[in-house]
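Computed from a predicted model, the values in this text were never measured in an experiment. By convention in this document, chain letters (A, B, ...) are assigned in the order of the sequence lines, proteins followed by strands, and residues within each chain are numbered from 1.
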Amino acid sequence: MDDFVLEYQYDLKRKFNYAKSGESKEASFILLKAPNSTNRKECAQLKQAFFRSLPEPKESTDNKDEDSVDIKAGDVMVLIARSPNVDYAEFLEIASKLMISNVALVDGDTKLTIPIMNQMSNDDVEGMVGEYMVNFILASALTQAKDS
Amino acid sequence: MDQLTDVTVIVNNEAVAIVPNSAAYTEGFGEQDVKAASVGGGKVEQVFVRNVETAFSMAKFELHTTPENIKLARAWKANGNLNVVQFIGSTPGGSTIRTFQKASLTADYEVGIGTDATVPIEFKSNASI
């Protein structure tokens with residue numbers, strides 16, 4: 001079964017204006033697309049940041065079903081932000097660089113650029129990055145972990 | 001009060017690096033005039049006239065002549081009147097943002113070649129907002 005997601009729609013909490021076809025339009029959502037090999041450096045850095053933020057695994061005698069863990073975008077961002085092993089500001093800079101490399105489209109068709117990102121609320125930037133981590137970068141890592 | 005000496009120029013959601021001190025714009029209110037209407041006895045009243053034919057904005061700046069900038073200018077020209085230009089300027093006293101919608105490069109812009117040569121860009125657009 002193919003577990004890889006190709007697209008994810010992130011609905012904006014706070015709308016903003018951007019230029020489209022000669023007019024200012026109000027953005028509703030950001031369409032996130034799966035990364036490809038041209039994004040491998042940023043993906044690797046973000047994946048490594050997540051794994052560095054994980055606590056050390058503890059020995060446990062419980063027979064819990066660990067396959068049923070549901071990771072949410074907000075949880076991922078809190079985990080990384082709280083980690084002393086990860087520079088959260090640097091993490092967001094790398095994530096922003098990935099977002100503007102044609103993997104994020106405003107309203108599904110306009111490339112996300114730095115001037116557009118500068119209009120997004122901080123909550124939306126972090127939310128968007130969190131969803132990207134969960135749906136694309138970590139999805140791949142979790143699939144590999146399950147297979148191994 | 002501080003003079004506004006530089007602006008961030010954004011065209012179609014991308015920031016553009018311009019030649020310093022080259023940006024200028026018009027608000028797009030158009031030409032206005034006052035005419036006299038005689039009420040007799042040597043007295044006149046004012047008739048205020050707006051020429052709506054001129055109610056468009058102009059936004060201009062210069063680009064250094066580089067292959068990247070030449071490519072940008074060609075794309076804006078090919079885009080017809082589907083460009084959006086923004087000027088964003090700020091000083092400690094405040095900020096000014098002007099958006100020019102339906103902007104087009106109406107003139108056949110000149111690409112200067114030389115040490116100090118530039119590409120002068122002039123957009124005509126709907127009145128600024």
So which donor and acceptor atoms of chain B and chain A come within less than 3.5 Å of each other?
residue	atom	partner	partner atom	Å
B:Asn13	O	A:Thr113	OG1	2.4
B:Asn13	OD1	A:Ala19	N	2.9
B:Asn13	ND2	A:Ala19	O	2.8
B:Leu82	O	A:Gly22	N	3.0
B:Gln101	OE1	A:Ser24	N	2.7
B:Lys102	N	A:Gly22	O	2.7

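For residues 110-121 of chain B, the set of pairs meeting the salt bridge (charged side-chain N to carboxylate O under 4.0 Å, His left out) definition, not counting sequence neighbours, is empty. Applying the salt bridge (charged side-chain N to carboxylate O under 4.0 Å, His left out) rule to pairs touching residues 43-55 of chain B yields nothing, sequence neighbours excluded.
Here the closest non-hydrogen pair linking B:Val84 and A:Ala19 is CB-CB, 3.4 Å. Residue A:Pro115 comes nearest to B:Ala15 through the heavy atom pair CG-N, 3.7 Å, listed as atom of the first residue, atom of the second, then distance.
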Under 3.5 Å, which donor-acceptor pairs do the side chains of residues 65-72 of chain B form with other protein atoms, sequence neighbours left out?
residue	atom	partner	partner atom	Å
B:Thr65	OG1	B:Gly112	O	2.8
B:Thr65	OG1	B:Ala117	O	3.4
B:Thr66	OG1	B:Glu68	OE1	3.4
B:Thr66	OG1	B:Asn69	N	3.1
B:Thr66	OG1	B:Asn69	ND2	3.4
B:Asn69	ND2	B:His64	O	2.8

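Hydrophobic clustering places A:Ile100 together with A:Phe16 (ILVMFWY residues linked when any side-chain heavy atoms are closer than 4.5 Å, directly or through intermediates). Cluster membership for A:Leu105 and A:Leu98, using ILVMFWY side-chain heavy atoms within less than 4.5 angstrom, is not shared. Under a hydrophobic clustering in which Ile, Leu, Val, Met, Phe, Trp and Tyr are joined whenever their side-chain heavy atoms come within less than 4.5 Å, directly or via other members, A:Val5 and A:Leu138 fall into the same cluster. Both A:Phe91 and A:Leu54 are members of a single hydrophobic cluster when ILVMFWY side chains are connected at heavy-atom separations under 4.5 Å.
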